[in-house]
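Notes follow once the structure below has been shown.
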Protein chains: 2
Amino acid sequence: MAYQESLAALADPTRRAVYEALVRGPKPVGGLARGVDVSRPAVSQHLKVLREAGLVGVKPKGASNIYHAEKDGLVALKRYLDGLWGDVLQAFADEIEREKDD
Amino acid sequence: MAYQESLAALADPTRRAVYEALVRGPKPVGGLARGVDVSRPAVSQHLKVLREAGLVGVKPKGASNIYHAEKDGLVALKRYLDGLWGDVLQAFADEIEREKDD
DNA sequence: ACTTACCGTAAGTCATGGCTTACCAAGAAT
DNA sequence: ATTCTTGGTAAGCCATGACTTACGGTAAGT
């Protein structure tokens with residue numbers, strides 16, 4: 001749920017690939033594993049990290065678990081970056097001011 | 001310059017701390033090192049990663065190197081997340097539609 | 001000129017984490 | 001009831017990467 005976890009979760013390429021697949025629509029673990037070139041257990045582990053970051057959620061559907069993208073983790077990350085963005089703009093403005101002193 | 005590098009760069013806590021310090025204003029390497037509990041060379045290595053991601057830039061000022069936040073890397077990351085966000089909303093909309101079929 | 005401050009790079013150490021195989025549990029199907 | 005599919009967890013391996021110390025190089029101060 002915290003932006004730090006979203007950041008760490010999305011930093012890994014294959015985990016990001018799994019997430020991007022889910023962003024296009026809900027899918028079972030097996031389906032996700034087929035889209036990536038790692039084993040199915042590896043995908044399960046990635047899903048755990050994504051789940052703890054609030055980026056995805058699960059709904060059991062019989063024997064299979066259907067994963068889907070969740071808003072929370074992404075919103076947290078977007079908010080964090082927007083905060084940084086504001087500060088960066090401020091820093092730029094400050095620098096313009098400073099350059100007037102020559 | 002690519003969002004992948006920004007993601008990887010900001011995923012590390014101490015590197016993120018260095019970046020956040022720069023976002024509040026330009027600083028020399030030594031000053032940055034004093035704000036974090038790792039050695040100065042470690043900070044230099046983090047700055048290299050941040051620089052390659054387009055998140056920071058340098059301006060030599062005499063003997064010291066003044067680092068500052070750069071827009072490019074952050075913009076790239078924000079764009080990527082906005083794309084994801086759009087897809088997530090679409091996926092949610094699709095799911096609402098699907099639930100009408102019961 | 002010599003020393004001191006500032007910084008980047010090299011080499012080596014060590015922990016983190018991503019991957020695999022093996023195993024186990026639960027639901028579907030026959 | 002047994003088999004087959006689906007998937008989470010455990011244990012172990014191994015590469016990546018974050019950190020340290022040591023070194024070299026340039027600019028400023030005296």
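- Using modelled atom types, one side-chain atom of B:R16 and one backbone atom of B:L10 make a donor-acceptor pair closer than 3.5 Å.
- Counting heavy atoms from C-beta outward, B:D82 and A:K78 have side chains that approach closer than 4.5 Å.
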Name the pairs: protein N/O against N/O of nucleotides 17-27 of chain C, kept only if under 3.5 Å.
{"residue": "C:dG18", "atom": "OP2", "partner": "A:R15", "partner atom": "NH1", "Å": "2.9"}
{"residue": "C:dC19", "atom": "OP1", "partner": "A:T14", "partner atom": "OG1", "Å": "3.4"}
{"residue": "C:dC19", "atom": "OP2", "partner": "A:H46", "partner atom": "NE2", "Å": "2.2"}
{"residue": "C:dT20", "atom": "OP2", "partner": "A:S39", "partner atom": "N", "Å": "2.7"}
{"residue": "C:dT20", "atom": "OP2", "partner": "A:S39", "partner atom": "OG", "Å": "2.7"}
{"residue": "C:dT20", "atom": "O4", "partner": "A:Q45", "partner atom": "NE2", "Å": "3.1"}

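- Nearest heavy-atom pair across B:Y67 and B:L22 is O-CD2, 3.3 Å.
- A distance-only check finds a donor-acceptor pair linking the side chain of A:K27 to the backbone of A:G25 [under 3.5 Å].
- Nucleotide C:dA5 holds its P atom 18 Å from the CG atom of B:N65, rounded to whole Å.
- DNA chain D lies under 4.0 Å from no heavy atom of any residue of residues 28-35 of chain B.
- The heavy-atom pair separating B:A8 from A:A11 by the smallest distance is CA-CB, 4.1 Å.
- Panel note: side chain B:R15, backbone B:A9; a donor-acceptor pair is recorded below 3.5 Å.
- Taking every nucleotide of DNA chain D with any atom under 4.0 Å from a non-hydrogen atom of chain B, the first and last of them, 5' to 3', are D:dA18 to D:dA28.
- Among all heavy-atom pairs drawn from A:L55 and A:Y19, the shortest one is O-CE1, 3.4 Å.
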Trace of the side-chain contact (heavy atoms from CB on, under 4.5 Å) decision for A:V75 with A:D72: CA-CA 5 Å; A:V75 168; A:D72 302 19; 5.9 Å; no
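- From A:L77, atom CG reaches atom CG of B:L81 across 5.0 Å, with rounding to the nearest 0.5 Å.
- Note on B:Y67: every side-chain N or O is 4.0 Å or more away from OP1 and OP2 of C:dC6.
- With hydrogens and angles disregarded, no donor-acceptor distance shorter than 3.5 Å links the side chain of B:R40 to the backbone of B:G30.
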